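In what follows, every heavy atom counts, from backbone to side chain, and hydrogens, waters and symmetry copies are set aside. Nothing here was measured: the structure is a model prediction, and the numbers come from that model. Naming convention: chains lettered A, B, ... in sequence-line order (proteins, then strands); numbering from 1 in each chain.
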Amino acid sequence: MPDRAKVALRIGGVGALAVVVVAGTALLARDMDRDSALMLALAGAGLIAAALALLWQRLSVLLFDPLAALSAELAAIAEQRHGERAIHLADGHGLGPVLTHLHRLLDRLRADRHQAEAAQLRTQAQLTERQSWLDAILADLSDGILVVAADHRVIQANPAAARLLGEEIAPGQPLFALVTREPVLHVLAQLSTPGYPSAKSAAMVCATTDASRLLHGRLTVIAGFGGYLVRLSDSGRDDAALERDNALRKAITQDLRRPIANLRAAAETISTFPDMTARERAAFDEVVVEESTILSQRIEELESDFLARSDAQGVMADIYSLDLFNCLARDCARDRVGLTMEGIPLWLKGDAQSLPLVLHSLILRLRHEIGCTSFDVEALLADRHVYLDISWNGPAIASSSLDSWLNRTPDGSSDRRSLRDILDQHGSEPWSQVLKGKDRAILRLPFPAPERLQFTPSDQRAPSRPEFHDFALMRAHCDAGQLSDTRLSALSFVVFDCETTGLRPDDGDAIIQIGAVKVAGGKVLTTDTFDRLVNPGRPIPPSSTIFHGITDAMVKDKPPLSVVRPQFLDFAAGSVLAGHNAAFDLRFLRADQAPPLSIPVVDTMLLSGLADPGADSSLDALARRLGVSVPPHRSALADALTTADVLVRLFERLEARGLVTLGQVLAAARESCAINSTIGAD
Amino acid sequence: MAASVLVVDDEPNIVLSLEFLLKQVGYTVHVARDGEAALEAVAQFKPGLVLLDVMMPKRDGFDVCQTIRANPDWNDIRVIMLTARGREVEREKGLALGADDYVTKPFSTRDVVEKVRQILGTP
């Protein structure tokens, strides 16, 4: 009989016993006295209680105890992720098939888990295998490969990349700690331009951040991932192909022109003077035959050269002049030659391997020839070329000396080609000349301009931040003090700009980036710069990120303003500060409970008002008016560089109006403040 | 001496044509075959104009042009450079070093004679 029936029978038995006892007690009690009846009732109740106790004990054995044990067992199994523990219950429980079903359920669960684990293991093995293949392929490549996330952090890099960049690369490392920022951002911007050919990949040349070398590379945007791939190579040059290339270039630009010139001249002479003597005519006929023969020979040579050349690879790529100059300055420093970079950096087309060698060799020749150990270098935009000018105090170099230098091979290089061959490859023809009206001379090297735009059109540039003027604050910085009588051209300036989380320092907005550049002797010292990110100690609102592109992640590990401010003041020590709408930045610089700055500050916005009263005084508009190029990416340093160029050109304008000393300029600026404050008050 | 022209080129075939044509127009023509000979001829004849090839043995045309320009006595001498290297940068270089004009080979001899006539006037 099943346990359930036994239990039911027992409960029924106890119920029947209770009815019999109550009824029997009632019948017997009628003839008894009160005490006897009470005794009888008590005995009956005792009997029923004993039966109930027996029933409870039986239920405990059959149900309650096994249920408690089952609960404990299930809890133990649930806690145990692995293992095959079964449910153990003492014999004689009344749970019947429940336990059997529970066991089946457990078995099913375990089987599913085993399957899932096996599938996971297989997937993991496949992934590991693919990763090993990828590692092996990457390790075997002579090109450096960097997989970079959208936030410009390196996800993976191969050993060649580490070798090319000269350091171990840890995953998560910012790319711009390894290579220069501008070429990468330039190519990314180019690839995201609407209407740009659908290619998702473009060539680039970037420098290592320590300026030790220029690397050719290719940047490929990875669709659907948001990141990109950077391939870097040391030397993509095929010397044999280059030699063929040079031969072909020479054929087109000279070899064919000579015989054709001679032939044409002879033919024209014969046709112009049909009456010449027979002797004269015979001489010209001879020229025609001779030159025609030479010409056909040249064309045959050219044809075979051209066919052989079809596999030649072009190694010319767009190079950012700042990267080139930095690498060059480093090389020259080893030879105790100082280079000072001037002007706004430009793009030019060149071979990243040979170009620094040529420039380095030429500078060493210059030092030897003129005994000068410091040179200025500048990139200039010409009609169809970009000029690289190397300048010095002294006379120009004779054409014959320059020629003999160009016939040499580059110093300290295995390149077998002469400097002239390398420059020919660039379509360049250098010369030296004296600068008009100065005691300075230049060595000028024209280079092809790049196919890309030098500067991104201003509508693609991030918008200017809204301007808030504080003329009252600026007035406090319009006292030139001891420098009052010093001429502008004799002063050193530090032109600075800050990026901030917002516009209101009083409401907690703070500095997130400081950029600055020095200006001395009327020249922008492009490489003497200060560029720091600052942790503002508060989140950066996305509404401000659109102006400067700086995110919380970028400043997370950066020092606070209390650390960067003294570094900046050290950099600026001994110079006069300058900025565009400098009051805006000064309010933020003093917001950090630091003592107020009481130093003269030149504001290009105020000077703009002096030069062109009533004209738009925003930095972009002012730069355009003065013919200063505006860099494509907004950052504190980029804006400081633009402001520095603007400052130098404004000084030229002001000097023409008789404002030549710092005192004169600041006094005029103070007047301008006073007028503007009055207008503001109205 | 205003009507004398010095033709400097190491290619005898082009010299033949230029010499013939310029003589037909009526100029006195001197010839030099390299850079050094050119400077000697300049010193000797003080020509009104030099037709100066760039690529020559010994001293090239740029060198000769620069030397002529460095001598104040030769300020009046006009220089037209001739070159077989058809590149814009060389034109810029020639003019930067003091040439008055620049002609790229192959050129029309009529144009060259016309240039000479514009500068020196009809002899």
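For residues 358-366 of chain A, heavy-atom neighbours of chain B at less than 4.5 Å comprise no residues at all.
Residue contact with chain B, scored on non-hydrogen atoms closer than 4.5 Å, is absent for A:Glu286. Of the atoms belonging to A:Ala283, heavy atoms from both backbone and side chain fall under 4.5 Å from chain B. Contact annotation for A:Ser404: neither backbone nor side-chain heavy atoms come within less than 4.5 Å of a heavy atom of chain B. When heavy atoms are compared at a cutoff of 4.5 Å, A:Ser401 does not approach chain B at all.
Here CG of B:Leu97 is found 8.0 Å from CH2 of A:Trp431. Values are rounded to the nearest 0.5 Å. A distance of 7.0 Å separates CG of B:Asp9 from CZ of A:Arg258, quoted to the nearest 0.5 Å. Taken to the nearest 0.5 Å, the CD atom of B:Glu92 stands 3.0 Å off from the OH atom of A:Tyr387. Considering CZ of B:Arg110 and OG of A:Ser271, their distance stands at 5.0 Å, rounded to 0.5 Å.
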N/O donor to acceptor pairs below 3.5 angstrom from side-chain atoms of residues 49-61 of chain B, sequence neighbours left out:
residue: B:Asp53; atom: OD1; partner: B:Lys105; partner atom: NZ; Å: 3.4
residue: B:Arg59; atom: NE; partner: B:Asp63; partner atom: OD2; Å: 3.0
residue: B:Arg59; atom: NH2; partner: B:Asp63; partner atom: OD1; Å: 3.3
residue: B:Arg59; atom: NH2; partner: B:Thr67; partner atom: OG1; Å: 3.3
residue: B:Asp60; atom: OD1; partner: B:Phe62; partner atom: N; Å: 3.1
residue: B:Asp60; atom: OD1; partner: B:Asp63; partner atom: N; Å: 2.9

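For residues 13-25 of chain B, the side chain to side chain donor-acceptor pair (under 3.5 Å) pairs, not counting sequence neighbours, are A:Glu291-B:Asn13, B:Glu19-B:Lys23. Applying the ring pair (Phe, Tyr, Trp, His ring centres under 6.0 Å) definition to pairs two or more places apart or across chains, those involving residues 261-281 of chain A are A:Phe273-B:Phe20.
When each of B:Gly98, B:Ala96, B:Ser108, B:Ala70 is scored by its heavy-atom pairs under 4.5 Å with chain A, the top score falls to B:Ser108. Contact tally against chain B (heavy-atom pairs below 4.5 Å) for A:Glu280, A:Arg444, A:Gln433, A:Met276: the top residue is A:Glu280.
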* Take A:Asn262 and B:Glu11 through the test side chain to side chain contact (heavy atoms under 4.5 Å, CB included) and record every step on the way to the result. => CA-CA 8 Å; A:Asn262 301 349; B:Glu11 295 259 333; 2.7 Å; yes
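Within a 6.0 Å sphere centred on CG of B:Asn75, heavy atoms belonging to other residues, nucleotides or ligands number more than 12.
In terms of heavy-atom proximity, B:Val89 sits nearest to A:Gly427 at CG2-O, 3.4 Å.
The closest donor-acceptor contact from the side chain of A:Glu429 to the backbone of B:Glu90 lies at 3.5 Å or more, if one exists at all.
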